[in-house]
Amino acid sequence: MVKVATTRLDRTLVARTALRLLNEVGLEGLTLRAIAAELGVKAPALYWHFKDKQALLDEMATEMFRRMAADLPAVAAPDWRDGLTAAMRGLRGHLLRYRDGAKVYSGTHFTDTGYAATMDAHLRGLTESGFTPRTAARAWFTAYSYTIGYVIEEQSMFPVAATDTGTASGATGAEGIDLAARAERLAAYPLAAGAGDEIFGNHEEGFESGLAAVVAGIALTVRPTDTA
């Protein structure tokens with residue numbers, strides 16, 4: 001049965017439909033044709049709003065950020081480390097709501113300036129803690145890049161479809177990977193073999209450990225005057 005569009009088509013509706021479909025088919029399976037079918041229109045109708053798939057991904061990332069900002073308002077923490085850590089936890093949590101969420105979000109360009117207020121608030125929190133505007137930006141982007149990269153890896157290793165309340169990755173462990181078989185294959189390389197538990201094990205613990213290392217490194221190098 002062919003769906004028939006009953007709602008006026010606009011960029012936000014298309015982006016929200018694409019995000020819903022993303023959780024079913026993943027980024028590779030997300031096509032303008034599939035989105036059009038979901039909306040009950042012909043594919044050419046989408047080109048009135050998006051010149052290509054990249055333009056659609058930009059709008060999808062913008063919609064993801066709108067939802068993130070609504071759930072995670074920028075609140076200055078007494079300690080900049082706590083604020084930066086909380087922000088990156090929130091970013092990861094939201095990316096995991098979507099299958100291939102980090103791949104969609106990374107490398108895109110927001111289609112409005114709605115992100116600016118949240119970004120400005122986080123950077124202001126850093127500058128009020130002793131960072132210069134330049135080192136605040138570097139600190140933020142360093143932690144951001146770690147978080148995006150980490151989620152891309154965990155979602156690539158465990159591409160599980162998301163639900164409205166679940167996550168889009170097997171972030172709790174090494175489901176689907178036979179660590180014993182891997183260790184056996186790498187028996188001649190004991191350090192590489194032993195790394196399997198750490199690399200493919202509990203992603204929650206791995207993320208937290210890595211994030212703590214990143215924040216500690218920022219304190220020592222990006223903001224070397226920090227003594228706490």
Side-chain angles (χ1 to χ4, degrees), residues 19 21-30 57 60-61 64-65 67-68 71-72 77 79-108 122 137-223 226:
L19 285 171
L21 193 59
L22 176 70
N23 287 340
E24 299 176 14
V25 302
L27 184 56
E28 289 188 9
L30 186 69
L57 292 176
M60 289 169 66
M64 289 168 69
F65 183 84
R67 298 176 182 183
M68 192 184 313
D71 287 351
L72 302 169
D79 189 305
W80 68 267
R81 301 169 190 79
D82 295 335
L84 190 58
T85 297
M88 294 307 115
R89 285 174 180 161
L91 173 60
R92 175 175 176 262
H94 270 264
L95 294 177
L96 289 176
R97 294 185 180 185
Y98 309 94
R99 182 173 173 179
D100 295 326
K103 287 182 180 178
V104 171
Y105 199 78
S106 65
T108 51
H122 284 297
R138 176 52 52 197
W140 176 264
F141 191 65
T142 298
Y144 172 88
S145 298
Y146 163 75
T147 303
I148 292 289
Y150 192 95
V151 180
I152 286 176
E153 285 297 316
E154 65 178 316
Q155 290 188 318
S156 296
M157 286 188 283
F158 307 109
V160 179
T163 65
D164 290 339
T165 57
T167 71
S169 85
T172 58
E175 297 91 339
I177 294 180
D178 189 336
L179 293 178
R182 178 184 180 276
E184 185 176 349
R185 289 195 306 272
L186 299 177
Y189 309 96
L191 293 178
D197 287 333
E198 184 64 29
I199 295 172
F200 303 108
N202 192 304
H203 282 184
E204 192 73 31
E205 292 180 4
F207 174 76
E208 289 293 331
S209 177
L211 181 58
V214 169
V215 173
I218 289 171
L220 290 172
T221 59
V222 180
R223 188 179 184 275
D226 232 9

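Computed from a prediction, not measured in an experiment: that's the story for all the values here.
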Would you compute the distance between atom CD1 of Ile148 and atom CD of Glu153 and round it to the nearest 0.5 angstrom?
12.5 Å
Close side-chain approach of Leu30 and Met60, heavy atoms under 4.5 Å:
yes
Are Arg67 and Tyr98 packed together at the side-chain level, in the sense that at least one heavy-atom pair is separated by less than 4.5 angstrom?
yes
Residues two or more places apart in sequence or in another chain: which of them pass side chain to side chain contact (heavy atoms under 4.5 Å, CB included) with Ala195?
Ile199
What closest approach, in Å, do Ile152 and Ser156 show between heavy atoms, and which atom pair accounts for it?
O-OG, 2.7 Å
Can you tell me how far apart CD (Glu154) and CG (Leu95) are? Round to the nearest 0.5 Å.
9.5 Å
Drop me the distance from Arg97's CZ to Leu19's CG, to the nearest 0.5 angstrom.
12.0 Å
To the closest 0.5 Å, what do you measure between CE (Met64) and CG (Leu57)?
10.0 Å
Test salt bridge (charged side-chain N to carboxylate O under 4.0 Å, His left out) on Lys103 and Glu28; report intermediate values, then the result.
CA-CA 11 Å; Lys103 287 182 180 178; Glu28 289 188 9; 6.0 Å; no
The criterion is side chain to side chain contact (heavy atoms under 4.5 Å, CB included); which residues satisfy it with Ala86, sequence neighbours excluded?
none
Applying side chain to side chain donor-acceptor pair (under 3.5 Å) as the test, list every pair that has at least one member in residues 207-220; sequence neighbours left out.
Arg89-Glu208
Quick one: side chain to side chain donor-acceptor pair (under 3.5 Å) partners of Glu198, sequence neighbours excluded?
none
For Ala61, which residues count as a side chain to side chain contact (heavy atoms under 4.5 Å, CB included) partner, sequence neighbours excluded?
Tyr105, Thr108, Phe110
Where is the tightest heavy-atom contact between Arg182 and Ala192, given as atom of each residue plus distance?
NH1-O, 3.1 Å
N/O donor-acceptor pair under 3.5 Å between Arg92 side chain and Val151 backbone:
no
Which heavy atom of Ala87 sits nearest a heavy atom of His122, and at what distance?
CB-CE1, 3.8 Å
Across all chains, not counting sequence neighbours, the ring pair (Phe, Tyr, Trp, His ring centres under 6.0 Å) partners of Tyr146 are Tyr150, Phe207
Just to verify, what does Arg185 make a salt bridge (charged side-chain N to carboxylate O under 4.0 Å, His left out) with, not counting sequence neighbours?
none
Tell me if a side-chain donor or acceptor on Asp100 pairs with a main-chain N or O of Leu27 at a distance below 3.5 Å.
yes
Non-hydrogen side-chain atoms of Leu211 and Leu84 separated by less than 4.5 Å:
no
Applying side chain to side chain contact (heavy atoms under 4.5 Å, CB included) to Asp197 and not counting sequence neighbours gives Leu179
With distance as the sole test, does Gln155 use its side chain to make a donor-acceptor pair with the main-chain N or O of Gly101 at under 3.5 Å?
yes
Once you round to the nearest 0.5 Å, how far does NE2 of His203 lie from CE of Met157?
3.5 Å
Between Arg138 (side chain) and Val222 (backbone), is there a donor-acceptor pair under 3.5 Å?
no
